[in-house]
Protein chains: 2
Amino acid sequence: MSELSTKQSHIMEYIRDFIEEKDYPPSIRDIQFGCGISSTSVVDYNLRRLEEKGLLRRDREVSRGIELLEGRRRRGTVDVPVLGAIAAGQPIPVPTSDRWASDVEDTVTVTEEMVRGHDNVFALRVKGTSMIEDLIDDGDIVFLEPATTADDGEKVAVWLEDRGEVTLKRLYREQDRIRLQPANSTMPPIYVDPENVRIQGRFISSIRPSG
Amino acid sequence: MSELSTKQSHIMEYIRDFIEEKDYPPSIRDIQFGCGISSTSVVDYNLRRLEEKGLLRRDREVSRGIELLEGRRRRGTVDVPVLGAIAAGQPIPVPTSDRWASDVEDTVTVTEEMVRGHDNVFALRVKGTSMIEDLIDDGDIVFLEPATTADDGEKVAVWLEDRGEVTLKRLYREQDRIRLQPANSTMPPIYVDPENVRIQGRFISSIRPSG
DNA sequence: AATACGGACGAACATCCGTTCGCGAGGCGA
DNA sequence: TCGCCTCGCGAACGGATGTTCGTCCGTATT
């Protein structure tokens with residue numbers, strides 16, 4: 001029904017790249033040559049289809065009157081997927097079992113400096129106040145970088161296999177166990193078997209949406 | 001030398017607004033009518049001047065081939081002026097005396113939700129850790145809304161007239177004095193005469209640039 | 001006063017560019 | 001097989017738009 005043909009997604013991609021590079025939309029003939037299409041009418045035809053599908057808006061009779069309606073990201077910002085909630089109080093289960101999958105429930109747009117120098121950053125909503133002394137409050141959004149290892153004392157999101165839960169804590173290795181330390185003096189640390197722990201991500205930064 | 005004539009800044013503003021609204025640049029004739037200019041050549045002339053001054057870039061022979069080179073703000077973000085540093089430890093003086101003036105030393109771009117619902121927001125760099133228990137650390141940037149009053153317990157930036165300093169604290173009114181309370185149990189409150197205190201801004205939110 | 005120059009006018013010109021139209025190749029159900 | 005629809009092709013039409021050119025005016029400069 002609302003599938004895009006190869007040509008249509010090619011056109012979309014071309015428009016995106018064109019705007020990204022030049023800061024103004026392509027003309028129909030720009031698209032024609034850029035996508036190797038033989039006629040302007042074909043471009044027009046597909047543009048109409050794309051407009052019907054709500055992917056863009058066109059101003060008639062106006063040169064380059066194309067406006068993309070999809071996520072218009074601005075230079076200097078990045079969209080980070082919010083994969084769900086994470087416990088900073090009592091550990092709570094996350095919807096996906098093994099590896100939190102690709103079904104993104106939401107997205108937050110932040111300026112680049114919040115995640116600068118890190119790749120594949122994802123975000124989680126914090127529940128609880130167990131990391132309050134590390135300046136992470138209930139309701140904050142934390143940004144994490146995928147990781148499977150961590151140094152002692154680092155703030156990490158860990159998956160506790162037996163509990164089926166994920167939690168945000170500082171991680172310390174002790175003899176034959178791992179200590180997950182809340183940053184809240186009213187809460188005791190959690191001790192777990194190393195085999196039971198899978199590090200999922202390393203803390204980068206957090207934001208607190210204004211209330 | 002590089003001053004803009006009235007007409008030129010009018011044109012710049014028009015282009016900005018046009019792009020903001022339509023997502024593609026105006027044609028020369030759009031600018032002509034939009035700015036009440038009698039001839040397209042006048043627009044062309046001034047666009048060349050603006051191009052020389054580095055405020056925009058033009059693609060010759062291309063309709064709407066105008067690209068603004070100034071801060072291209074993206075939808076959903078706002079630029080907040082950073083007016084300087086503020087003490088969250090020992091109060092430190094701010095450069096301007098009475099009212100921190102309009103010379104902005106820097107700017108931060110943040111997504112709208114950080115300051116949603118507030119006007120004329122400005123930002124200050126935090127020095128010190130006196131507000132650490134309110135999750136505001138050294139190096140954070142705090143966003144404030146201009147205000148001259150505050151309820152008890154609110155976090156405010158206050159100007160201490162006799163000291164010539166400004167500081168970020170929680171404010172409490174007591175009999176005939178005002179208590180400025182740090183959020184750091186190792187630090188004592190500051191007591192000041194009400195006449196000596198001028199509230200400058202009310203805390204909205206803060207960010208912690210990733211390190 | 002003569003000259004130079006920034007800035008503005010208005011009109012003509014040459015493209016640029018969106019739109020339209022006729023035609024044709026497949027795919028699909030009746 | 002006969003429509004009917006989707007998709008594509010190529011060309012031509014005409015409006016949209018950037019560019020250029022001759023002219024004019026006001027303000028220094030000489």
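Letters A, B, ... mirror the listed sequences (proteins, then strands); counts begin at 1.
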Check the interface with nucleotides 14-16 of chain C: list each N/O to N/O pair with the protein under 3.5 Å, or write none.
none

Would you kindly give the [atom1]-to-[atom2] distance between [X] and [N], to the nearest whole Å?
X: D44(B); N: dA11(C); atom1: CG; atom2: P; result: 17 Å
X: L47(B); N: dT20(D); atom1: CG; atom2: C1'; result: 15 Å
X: I11(B); N: dG18(D); atom1: CD1; atom2: P; result: 13 Å
X: F33(B); N: dC9(C); atom1: CZ; atom2: P; result: 13 Å
X: I31(A); N: dT19(C); atom1: CD1; atom2: P; result: 11 Å
X: I28(A); N: dG10(D); atom1: CD1; atom2: C1'; result: 15 Å
X: D59(B); N: dG18(D); atom1: CG; atom2: P; result: 12 Å
X: Y24(A); N: dC17(C); atom1: OH; atom2: C1'; result: 14 Å

Respond yes when some side-chain nitrogen or oxygen of [X] is under 4.0 Å from OP1 or OP2 of [N], and no when none is.
X: K7(B); N: dA8(C); value: yes
X: R58(B); N: dT19(D); value: yes
X: Y45(B); N: dG7(C); value: yes
X: R48(A); N: dT20(C); value: yes
X: N46(A); N: dG8(D); value: yes

With salt bridge (Lys or Arg N to Asp or Glu O under 4.0 Å) as the criterion, how do E51(B) and R60(B) come out once you've worked through the C-alpha distance, each side chain's angles and the decisive distance to 0.1 Å? CA-CA 12 Å; E51(B) 189 175 17; R60(B) 299 309 169 82; 3.4 Å; yes
Within a reach of under 6.0 Å around CD of E52(B), are more than 12 heavy atoms found that belong to other residues, nucleotides or ligands?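 Check passes, neighbour count above 12.
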Within 45° of the axis and under 6.0 Å from the centre of the six-membered ring of F33(A), does NZ or CZ of R29(A) qualify?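 Judged by the rule, R29(A) and F33(A) form no cation-pi pair.
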State, yes or no, whether a side-chain contact exists between [X] and [Y] at a heavy-atom distance under 4.5 Å.
X: E161(A); Y: V192(A); answer: no
X: I15(A); Y: P25(A); answer: no
X: T149(A); Y: R202(A); answer: yes
X: I132(B); Y: D137(B); answer: yes
X: L160(A); Y: V166(A); answer: no

Residues from residues 34-43 of chain A lying under 4.0 Å of DNA chain D - heavy atoms: I37(A), S38(A), S39(A), T40(A), S41(A), V42(A)
What nucleic acid atoms does D30(A) come within less than 4.0 Å of, heavy atoms only: base, sugar-phosphate, or nothing?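 Result for D30(A) = nothing.
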Stepwise side-chain contact (heavy atoms from CB on, under 4.5 Å) test for L50(B) and R58(B): CA-CA 10 Å; L50(B) 290 169; R58(B) 294 179 74 192; over 6 Å; no
